[in-house]
Structures are given as C-alpha cells and as structure tokens.
Amino acid sequence: MSRRPRSGLRPCRRVALKVESLLAAPRDEGPREETVHHTDNPGGRPARCPDRTPGCGQTSGPLPPVAPQGSGDRVSTTKTSTGRPAPGLLGTYRMLLTAPGGGRLAAASVASKLQYNMLAVSALLLLAPRYSYAAAGLAVSIMVVANAASSPLRGRLADRHRVPVVVTLFLIGYLTATAGLMASAAHRLPLWVVMASVALLGLCFPPVSILIRGYWVAAAGERARASVNSLESALIDVTLIAGPVLATWLSTSASPVAPFVVSSVLMAVAVVLMCTVREIPRTPAPTARDWRGPLRSRPLLRVLAALFLFGGALSAVEVVLPLYAQQNDAVGYSGWFLAALSLGSIVGALILGTHSTPHHFTPPALVGVFAAGTLLLAFAMTVGPVLVLIVCPLTGVTIGSAFARLYTVVGTTGPAGNEHETQGWATSCTTVGFALGAAGGAVIADALGAAAFVLVTPVAALGAALLLLGTARSTTPTPAPPTPSESPATRLPGRGEGEELT
C-alpha cells in the first residue's frame, strides 16, 4: 500500500508548486531583444540541463513560451527558415561545395568549362598554319553550330536514360573526333575530313555542363538554385579568361596538338566525376510524349528568346571592345577591356548569388541595368580608352548575375520530366545568340565605327528585359518545393543529414 502524506504537509506542497510555476512563467518586462540560443533557454535564463551538454535544449522544468515572429517580442532575424544562421558571402558557396557530392560537381564544372573555352583558340592555332585562317574560322563555326544544334537532344537522352551511360557514350565520340582532327591536321588530309571531324566533335560534347545545374540543385536543395547558377556564371567568366590563355601557352610552348590532349583529359575527368555522383531522381514525364518537349511551355519560350537576345547583346559588346581599341590606336587596351568586363561580371554574380530568393522582377531589372551600362560605355568611347576601361567593370557588373537569374527562371519554368532538355535548349539559344551578336557587332563596328553598336545592343537588351517582364507578370512566385528526400517540416539546405551522393 502507498503511504498517504500527512495532512500537515499539503499546504507546503501547494506553496512549493506555486513558487515553481511563478519562477517558470515569463516576466512582463516589455519589448526586449531576444536571440535564439541552442545552449541556453530563451530570455537569458541559464539552462537547467543537469549535464550541461552543448546543444542540449532540454530542461528539467517547463520552458517559458517563445513569442512568434511579429509579436511584441522581437526575435533575431539572422536565421533561415530551417533555424540555422543565414550564410554570408563565403558561407553560401561553402554550403554548395560541402553539399553531398558538391566538391566533385565543382571540379567537373571547372574541367568541362575550361576544356570548352580552350577549343576555339586551339583549333585556330592548329589549322590556320596548315590550311588558312578562313578554313580555321569555318571549322570553329561548324563546331559551335553542331554543339548548339545537338544540345537539346543530348539533354533529352539524359532525361530518358541513365546519365553515366549517356555521358560515357558521348565521351567516346568526343575522343574519336578529337583524335581524327589531330590526325587530319598532322597529315594535311583534305579539308572535308577536317570539317567532318570538328562537326563530330561538336555533336558529341558530353552534356556535363547541361547536367551540372540540376545535379547541384538536387544536392544543395531547391533554395540554392539561384546560388548554384551564380557560381556557374562566375566559373564561366573565369574559364573564358583562363581557357584561351592556357591553350595559347600550350600551343606555342609545347605543340599545336597539346591543347587538344589537355582538353581531352579534362573532359574525361569531368565525365568520370559525373559518373561517381548519384543520379538525381527523375520526374515522371507525361505518358503521351509531346515531340516539342519543353518547348510546349509558353513562358519558357519567352525566357529562351530573352536568353537569345541577351547573349547577342553581350557578344556584340565583347567584339566591339577590341575593334574600338584597334580603331583608336590603343591595341594594348584590348585584353584589359575584356578582363575588366569579366571582372565586373564575376563580382556581381558572386555577390548577388548570396540572395537565394530574389524578387521575380529581378531578371528584367538586371538586364535593363545592363542596357543602361551599354549606353554609358558608348559615351565613354567618345571620350577615350581610359574612361572605357573605367566603365567596363560597371557595364559588366550585371552580366553574370543576369545570366544566373535567367537560368534560374529556365530551371523553374520548364515542364516536369524535361529538366535536362530544357537546359539544353537554354545552351542552344545562348550559343546562337552569341554567334549572331558577334557577327552583327563586327559588321556594324567596321562600317560605322565601334560606338555605333549602341544602335543595336541596348535595343536587344531592352527587348530581353521586356520578355522577362512579361514572364514575371504572367507567373506568380510560389515557395520552393522540398527535394524528394525532404519533408516540408524538416527541410534542410542539403538533401538530408547524413546522406551522401555516391
């Protein structure tokens, strides 16, 4: 039998319980600044965890209620929706690199972009002395067109089949075409053999760059999509500078075929790294496949058209700057103009990439700012090369960030089940826009002077901004859905705690 307490102790016990409840209740001290701690109780009271384990939020008594956001008490806003501290400039990209498989994805991205940006200069230095500059230029053009034409098909194959099989088969074709090109140039075979080799090379690029963005978003979480695209834009600018420099150095110091050997090794490394990362879950496509694929989406068509116009506007600027230097007896400034433009692009992309949830009117605003920057650049050309050099970083500061936001819109606008093909179409539109913009900018600068690019480039950029503005108005922003391995209640910046992509 249990012993009943003596009646004389009942009042004391009631007093003790009352005192304990009063101590546990929050004091009314008016509005105060509170910061959420992991090791202490809210309100500055010491934790009651007996063993003082770091990170332990359990107490031996009732906890005071914590005021929600928007109530009388203010809570620190340096928290993400997951309860973790919001990452800063370096923390954002450290999170991408430390995501499951993030390091391998970064290495594959750098390797694939570096080898691609080596090829044009490598082909010119290999073929021009053996055939002619016209033949070398034609070979580069065929390679670029073949790459642009086959990008959607390569993305569609990656959507429907296992990625390791797809990238390995294309790697075999790429290495075969590269070997054929080097052998054709070494033995001075007929020109049509050279053109067939570069066409096969362009058709068989392993779709690493098409796959990287989707894989990285799956590894780091949907909310990291904008940061992923910003980092990719910055890497493109870096390799645009490093690729031609490396190819020229290898060709002049070692052998004209050395850049092709190095680029083949880089592409093989990128493919191997992609094969070691776990494939992302495929979104089931509609049972009745539409031959148009992602092009059946009207908003996506507007975004792709904006990519085409923006790529053309940027390419015209990049072509006009060296021509301006030549026309004004300032050839030494040519490289510095392009380097300053790329530097502004890199800085702008990395800084804006820390904002993972931008406003849906951000893309048209960025493209519009670039259009204003081209007008400022045209004015600087009427003054002198020094002012042009100063203005170039200001004009370029929105280039990388605009591309990042454009690709973010592409990734969220394309229909389900066609993610990689959608990226392929984006690559095609950008590539074609760059080619036509370069040709148009060169013709205008040669006929009317370098500053005459202002007649076309700002107009194309404003057209892209208007297309994006129409897309932003026709779509309403929705919260980012959780990745397949996350539930809405436990979403983390990565795919999940303890999960690895292998």
Side-chain angles (χ1 to χ4, degrees), residues 112-151 154 170-206 239-268 315-316 318-323 325-326 331 334-335 338 427-428 431-443 445-447:
S112 64
K113 291 174 175 57
L114 185 60
Q115 67 82 30
Y116 180 79
N117 289 312
M118 291 173 61
L119 286 177
V121 174
S122 302
L124 289 173
L125 295 176
L126 176 66
L127 299 177
R130 292 165 175 79
Y131 295 93
S132 66
Y133 283 102
L138 178 61
V140 172
S141 300
I142 290 175
M143 181 179 65
V144 171
V145 170
N147 176 39
S150 63
S151 290
R154 286 177 281 147
F170 277 113
L171 176 63
I172 294 173
Y174 173 87
L175 296 177
T176 302
T178 304
L181 176 60
M182 291 189 294
S184 301
H187 295 88
R188 296 180 183 271
L189 296 181
L191 188 60
W192 69 267
V193 179
V194 175
M195 299 307 166
S197 298
V198 294
L200 180 62
L201 192 152
L203 291 171
C204 292
F205 271 113
T239 55
L240 275 172
I241 300 173
V245 173
L246 178 59
T248 303
W249 177 74
L250 289 172
S251 181
T252 55
S253 63
S255 168
V257 300
F260 290 96
V261 175
V262 173
S263 63
S264 298
V265 172
L266 289 173
M267 181 52 81
S315 181
E318 292 178 344
V319 167
V320 162
L321 285 172
L323 293 177
Q326 184 179 10
V331 179
S334 298
L338 297 177
T427 300
S428 295
T431 303
V432 174
F434 263 88
L436 295 180
V443 170
D446 185 58

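All figures in this text were calculated on a predicted structure; none of them were measured in a lab. Side chains included, hydrogens not; waters and symmetry mates left out as well; all remaining heavy atoms used.
The list of salt bridge (Lys or Arg N to Asp or Glu O under 4.0 Å) pairs with a residue in residues 250-260, not counting sequence neighbours, is empty. The stretch residues 250-268 participates, sequence neighbours left out, in no side-chain hydrogen bond (donor to acceptor under 3.5 Å, both in side chains) pair at all.
When all heavy atoms are compared, the tightest approach of Ser151 to Thr427 is OG-CG2, 3.8 Å. In terms of heavy atoms, Ser122 sits closest to Ala247 at OG-CB, 3.4 Å.
Applying the side-chain contact (heavy atoms from CB on, under 4.5 Å) rule to Ala196 yields no partners; only residues at least two apart in sequence or on another chain are considered. Listed by chain and number, the residues in a ring-ring contact (aromatic ring centres under 6.0 Å, His included) with Phe205 are Tyr116, Tyr174 (sequence neighbours excluded). In terms of the side-chain contact (heavy atoms from CB on, under 4.5 Å) criterion, residue partners of Ala177 (sequence neighbours excluded) are, by chain and number, Leu200, Leu201. The side-chain contact (heavy atoms from CB on, under 4.5 Å) test applied to Leu250 returns Met118, Leu246, Ala258, Pro259, Val262, not counting sequence neighbours. Annotation: side-chain hydrogen bond (donor to acceptor under 3.5 Å, both in side chains) contacts of Thr239 (sequence neighbours excluded): Asn117. Residues meeting the side-chain contact (heavy atoms from CB on, under 4.5 Å) test with Ala438, sequence neighbours left out: Ser315, Val319.
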Stepwise side chain to side chain contact (heavy atoms under 4.5 Å, CB included) test for Phe170 and Leu203
CA-CA 9 Å; Phe170 277 113; Leu203 291 171; over 6 Å; no
Residue pair Asp446, Leu323: steps toward the side chain to side chain contact (heavy atoms under 4.5 Å, CB included) verdict
CA-CA 8 Å; Asp446 185 58; Leu323 293 177; 5.8 Å; no
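Atom CG of Leu436 is separated from atom OG1 of Thr431 by 11.0 Å, given to the nearest 0.5 angstrom. Atoms CG and OG1, on Leu181 and Thr176 in that order, are 12.5 Å from each other to the nearest 0.5 Å. Atom-to-atom distance recorded for Leu240:CG and Lys113:NZ is 10.5 Å, nearest 0.5 angstrom.
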Identify all side-chain donor-acceptor contacts of residues 125-138 below 3.5 Å with residues at least two apart in sequence or on another chain.
{"unit_1": "Arg130", "atom_1": "NE", "unit_2": "Ala185", "atom_2": "O", "d": "3.4"}
{"unit_1": "Arg130", "atom_1": "NH1", "unit_2": "Leu126", "atom_2": "O", "d": "2.9"}
{"unit_1": "Tyr131", "atom_1": "OH", "unit_2": "Ser184", "atom_2": "O", "d": "3.4"}
{"unit_1": "Tyr131", "atom_1": "OH", "unit_2": "Leu189", "atom_2": "N", "d": "3.3"}
{"unit_1": "Tyr131", "atom_1": "OH", "unit_2": "Leu189", "atom_2": "O", "d": "2.7"}
{"unit_1": "Ser132", "atom_1": "OG", "unit_2": "Ala135", "atom_2": "N", "d": "3.1"}

